[in-house]
Amino acid sequence: MNRELAKQYDPKEVEDRIYQMWLDGNYFHAKCDPEKKTFTIVIPPPNITGQLHMGHALDETLQDILIRFKRMQGYDTLWLPGTDHASIATEAKIVEAMRKEGVTKEDIGRDGFLERAWDWKAKYGGRIIEQLKKLGSSCDWERERFTLDDGCSKAVREVFVNLYEKGLIYRGERIINWCPHCCTSISDAEVEYEEQQGHFWHLRYPFKDGSGYLELATTRPETLLGDTAVAVNPNDERYKDIVGKTLILPIVHREIPVVADDYVEMDFGTGVVKITPAHDPNDFEVGLRHNLEVINVLTDDAKIVADYPKYAGMDRYEARKAIVADLEAEGALVKIEDYSHNVGTCYRCGTTVEPRVSKQWFVSMKPLAGPAIDAVKDGRTKFVPQRFEKIYFHWLENIRDWCISRQLWWGHRIPAWYCADCGEITVSREDAHVCAHCGSKNITQDPDTLDTWFSSALWPFSTLGWPEETEDFKHFYPTNTLVTGYDIIPFWVMRMMFSGLEQTGQVPFDTVLIHGLVRDSQGRKMSKSLGNGIDPLEVIDQYGADALRFSLATGNSPGNDMRYINERVEASRNFANKMWNAARFILMNLKSDEVLPLKPENFALEDKWILSQFNTLAAGVTENLERYELGLAVQKLYDFIWDVFCDWYIEICKSRLNGEDETAADTARAVLTHVFTGTLALMHPFMPYITEEIWQSMPHCGEALVVAEWPTYTEAFNFTAEEGEFEKIMAVIKAVRNRRAEMNVPASKKAKVCIASATPETFRAGAAYICRLASATEVEVGDDFDADGAVRIVTDAATVFIPMKELVDAEKELERLNKELEAANNDKAFIEKKLSNENFVSKAPAAVVDQQRQNLAKVCDKIALLENSIAEMEKLK
RNA sequence: GGAGGCUUAGCUCAGCUGGUCAGAGUGCCUGCUUCACACGCAGGAGGUCGCGCGUUCGAGCCGCGCAGUCUCCACCA
């Protein structure tokens, strides 16, 4: 017989055991069955830098819901897991760990460093995977990948060489964003701007001919060392005559020209800008237009170069102080203003980024962006919610070339070799040993690695075996849904799109499901510095993975940020417990493990009602899931399980289960089990552990819920008419409860209930549970009762009498009845007004008008019953 | 400067193509050792759906304007 279940659900006792059962059953493994339709998701690979946070928990939960849903629907589902080497982030962490040991990268060399990095990967990559499992993620672990594994590396080389051969990857000297802390270039997307309090230094540069000074302002006086011009707007009348004249740069005493350029805003500051091509992106452009010299004044770690002995070795900020002091001494400093402006910082370490001219590798973006824009414009890939298309388009339409080389060691090394003899570059899929141009063996590989996003961009196909035409690639590519946060669109989504289109000719996925950020209870971003982060694993430990998943999937609409509220997880835990106890109830009322057949000929009214309700639920949940309305789906399930199934159906079944009629009891058992196991199936994607655990202990067909069939709408169980009848009974029960509560009658004080109705059969059928749920001793259905000294209750379909003489105050009863009558008359007038509006009747859809007519009929019935009651009361008085 | 989100019960939020849409959870109040569950049961109070104008037979839901708030992008030295 069924095993005893504990009174409270204990996730700790269940989760690991169930997860192991799934693994043993190999249920997550995609079979690559050519006969079946596929549904594929590739995981946004978590970085191996640390551990899972709430954002991951949300991301993985959404993916797992979709995957489990499709798996149960019979698709050949693949959820491909893996991790990202996260070059800059991981390297920074390792360097930091080494610093604590007093070791530098240079001390141990490239190979030694990579050895440490792979150790790091083994340790933290493995930890992330374990954390994913704790959440219940049903990934195909046999297909786990890593962005730096052999297959992905091969894909990276293939793509690099492809693009190089097409002229879409080039090497050039450009101004790029440089992080002086990480000592590497970073891409535009990796720069974060933040407002900082700074100063505006007003300086004056003397004319060479001694004809006075030109005043200008700067936020970065130290870059003066690299000034090679001063610019004014060509239309600026004030400076018309000085364009072309020569200035003497203070301190350095170099001669620099005054140039005219549209870039200068006339009405900002003095309308004069000092031009430092080597250290400002706009100045660099100006420099190109005017053929200005580019003078680099900073080292890799943002110190002044040796060319300026007085300041050499000072960092940017020390040099600023020293130079300002010298400017003052020289009489070149006019004044200092406070000024607040935006400063670019490195998204990984927060250091102020230094724009810098440097030789780097770039991807030509314009030719790649076009097809990626088209693919979304023509609907081959859809964003959910659609509004995120705008971010995507905006980025692609304004894109600049992508700087892909990084001065880091942890990553895919750039497959380019430089020849010391002929100076040419050899780019190759295989490691090169001789120069492709002159055959010299005197070649060395570029020391740099690729931006970590270069490999992530290939993730949807590199993980499936591309560039080989593998079975997996043919079967599962393109993938279906990509789930990620809106903050990752420019980094990743966009790049996967153009990479997929360029390399495979197809979009990498048909849908991008975008979610928001998980914030703390006060709406702040969770961050290490604030210390307000909540560890999903601790939440799982306390409340269970299902409770966490449920909380993350509900009460939030797609793309919007959500707050993490502990009380909501508690509520979810309580809900899990509710399901658990519903299961306990059913199990303790079953006689065997056998699946009882449903016998429609024995169905009672309530059975038809619940089956019909379940039908609606299955159809609704399926539709919501297909439309990515996960929050709506889960809300329907919650309401059904708690309000419909537990509070009504289970309660109503109790009289049959405890009664003499074994056939009736068996019918109740069969329907209870059928509906409940079906509901568990619908609930499974959201709360996989508890549903599987319960399902296993209930009578069932099949091995496991994870691979059970998804419930569908069944026409044979569509009992609309019976639902209406049953709702009449519910209305009576609610009304009686309500009146008793109003009169402060305890449930223990039971009383006879008499019902007069035009549909007496309905109420005879429901007599047993009216007794149970409305604290009645017995139910009498008829059409004539002694109303003297009885409490009267009127519903749409019935008049109810409760003989409780001691409680009846005829005056008050009358007053109440009249009040209800007034309300009903108001309703009636409102509906009649609507129906007498010809515009409404002619323009509104027939169904809406019909609904109003039905409402009118109901109200009229109620009014008739109320009037009748009032008349009788008056008589008695 | 540009774009977008949000503004619905004390709090946190749902409300799909406009027509039982005024909801849920939590909190609060009143009862309840009802044979699954007090992580529970029954009942209840609480909102002119930010403000104004418009479209419509009908508007939290569509349009315009305003206010508050948050975010993203750009960035004037």
Side-chain angles (χ1 to χ4, degrees), chain A residues 5 7-9 193 200 216-220 223 230-231 263-265 267-276 280-283 286 339 341-342 344 385 387-388 390-391 394-395 398 486-487 489-490 516-517 519 521 523 525 543 547 551 554-557 559-565 567-568 570-589 620 623-624 627 629 631-632 635 638-639 642-643 646-647 650-651 654 658 734 737-742 744-748 772-775 834 837-845 847-849 851-852 855:
Chain A
L5 296 183
K7 202 165 169 179
Q8 283 188 351
Y9 173 59
Y193 288 88
F200 227 2
L216 51 81
T218 179
T219 53
R220 301 203 53 198
T223 62
V230 163
Y263 151 69
V264 182
E265 302 269 336
D267 43 12
F268 186 82
T270 58
V272 183
V273 186
K274 69 187 210 50
I275 302 297
T276 322
D280 182 280
N282 292 309
D283 292 9
V286 174
Y339 187 63
H341 60 139
N342 280 335
R387 68 183 133 90
F388 289 100
K390 284 208 169 182
I391 296 180
H394 186 260
W395 267 92
N398 298 288
Y486 57 72
D487 51 332
I489 293 171
L517 269 39
R519 298 173 172 278
S521 60
K525 224 168 172 168
Y543 298 105
S551 304
T554 188
N556 165 259
S557 52
N560 285 0
D561 289 352
M562 66 192 304
R563 298 186 191 205
Y564 177 88
I565 310 274
E567 286 72 22
R568 290 194 44 203
E570 242 173 71
S572 305
R573 186 268 322 262
N574 294 351
F575 175 61
N577 196 236
K578 188 73 183 175
M579 277 196 283
W580 184 254
N581 276 288
R584 282 181 66 209
F585 173 81
I586 295 170
L587 287 172
M588 68 176 55
N589 279 290
E623 192 191 343
N624 286 142
R627 297 167 62 170
E629 296 162 345
L632 295 181
Q635 188 63 47
Y638 182 95
D639 292 343
W642 204 308
D643 301 338
C646 290
D647 287 348
I650 284 187
E651 289 306 322
K654 283 177 179 173
N658 293 334
K734 284 182 194 169
R737 283 171 171 174
N738 188 325
R739 284 308 313 283
R740 292 176 57 104
E742 260 176 37
N744 285 319
V745 184
S748 53
R772 183 168 193 95
L773 301 183
S775 304
K834 226 176 184 180
N837 180 344
E838 238 173 77
N839 276 323
F840 173 72
V841 180
S842 61
K843 292 184 182 173
V848 174
V849 177
Q851 182 66 53
Q852 289 303 322
N855 289 350

Worksheet item: On a whole-Å scale, what distance lies between the C1' atoms belonging to B:U56 and B:G19?
Response: 12 Å

Worksheet item: Hey, does A:Asn837 reach any base, or is it just sugar-phosphate, or nothing, if we go heavy atoms under 4.0 Å?
Response: sugar-phosphate

Worksheet entry | C1' spacing across the pair B:C21 / B:A9, given as an integer number of angstrom | 14 Å

Item to complete: Using the C1' atom on both, measure B:U26 against B:G18 and round to a whole Å.
Response: 31 Å

Item to complete: Using the P atoms only, state how far B:C66 lies from B:G2, rounded to an integer number of Å.
Response: 12 Å

Worksheet item: Any side-chain heavy atom of A:Phe840 sitting closer than 4.5 Å to one from A:Val848?
Response: yes

Practice prompt. Give one of base, sugar-phosphate or nothing for A:Glu265, where a contact means two heavy atoms less than 4.0 Å apart.
Written response: base

Worksheet entry | Nearest-Å distance once atom C1' is located in both B:G65 and B:C11 | 31 Å

Worksheet entry | Nearest-angstrom distance, P atom, B:C61 to B:C53 | 14 Å

Worksheet item: From the list B:A77, B:G5, B:C76, which nucleotide is the closest neighbour of the side chain of A:Arg387?
Response: B:G5

Item to complete: Can you tell me, in whole Å, how much space there is between the C1' of B:G25 and that of B:U17?
Response: 28 Å

Worksheet item: Would a 4.5 Å heavy-atom cut-off, applied to side chains only, mark A:Asp280 and A:Lys274 as touching?
Response: no

Fill in: From A:Lys525, A:Arg563, A:Met562, residue fulfilling side-chain contact (heavy atoms from CB on, under 4.5 Å) relative to A:Leu517
A:Lys525

Fill in: A:Leu773 and A:Arg737, any side-chain heavy atoms less than 4.5 Å apart
yes

Worksheet item: Would you say A:Lys274 reaches B:A77's phosphate, i.e. side-chain N/O to OP1/OP2 under 4.0 Å?
Response: no

Discussion item. Is the phosphate of B:A77 approached by A:Tyr339 (side-chain N or O, under 4.0 Å from OP1 or OP2)?
Written reply: yes

Worksheet item: Under 3.5 Å, side chain of A:Asn738 to main-chain N/O of A:Lys734, donor-acceptor pair present?
Response: no

Worksheet item: Which label fits B:G60, syn or anti, where anti is any glycosidic angle not within 90° of 0?
Response: syn

Practice prompt. Go through the side-chain N and O atoms of A:Glu570 and A:Asn574 and say whether any donor and acceptor fall under 3.5 Å apart.
Written response: no

Worksheet item: Which letters describe nucleotides 15-23 of chain B, given B = protein heavy atom under 4.0 Å from base, S = only from sugar-phosphate, - = neither?
Response: SS--BB---

Find every protein N or O atom lying less than 3.5 Å from an N or O atom of nucleotides 33-39 of chain B, and list the pairs.
from  : atom 1 : to       : atom 2 : distance (Å)
B:A36 : OP1    : A:Lys654 : NZ     : 3.2
B:A36 : O2'    : A:Asn581 : OD1    : 2.4
B:A36 : O2'    : A:Arg584 : NH1    : 2.9
B:A36 : N7     : A:Lys654 : NZ     : 3.4
B:A36 : N6     : A:Cys646 : O      : 3.2
B:A36 : N6     : A:Glu651 : OE2    : 3.2
B:A36 : N3     : A:Asn581 : O      : 3.1
B:A36 : N3     : A:Ala582 : N      : 3.4
B:C37 : O4'    : A:Asn581 : OD1    : 2.9
B:C37 : O4'    : A:Asn581 : ND2    : 3.4
B:C37 : O2'    : A:Asn577 : OD1    : 3.4
B:C37 : O2     : A:Lys578 : NZ     : 3.0
B:C37 : N3     : A:Lys578 : NZ     : 2.7
B:C39 : O4'    : A:Asn574 : OD1    : 2.8
B:C39 : O2'    : A:Asn577 : OD1    : 3.4
B:C39 : O2     : A:Arg573 : NE     : 3.1
B:C39 : O2     : A:Asn574 : OD1    : 3.3
B:C39 : N4     : A:Gln8   : OE1    : 2.1
B:C39 : N4     : A:Gln8   : NE2    : 3.4

Practice prompt. Report which part of the nucleic acid A:Asp561 touches: base, sugar-phosphate, or nothing (heavy-atom distance under 4.0 Å, all strands).
Written response: nothing

Practice prompt. For B:G47 versus B:G60, give the span between their C1' atoms, rounded off to a whole number of Å.
Written response: 12 Å

Worksheet item: Looking at B:G43, B:A77, B:A74, which one has an atom nearest to any side-chain atom of A:His341?
Response: B:A77

Practice prompt. Using a 4.0 Å heavy-atom cut-off across all strands, classify A:Tyr564 as base, sugar-phosphate, or nothing.
Written response: nothing

Discussion item. The side chain of A:Arg563 is closest to which nucleotide in this list: B:A77, B:U12, B:C73?
Written reply: B:U12

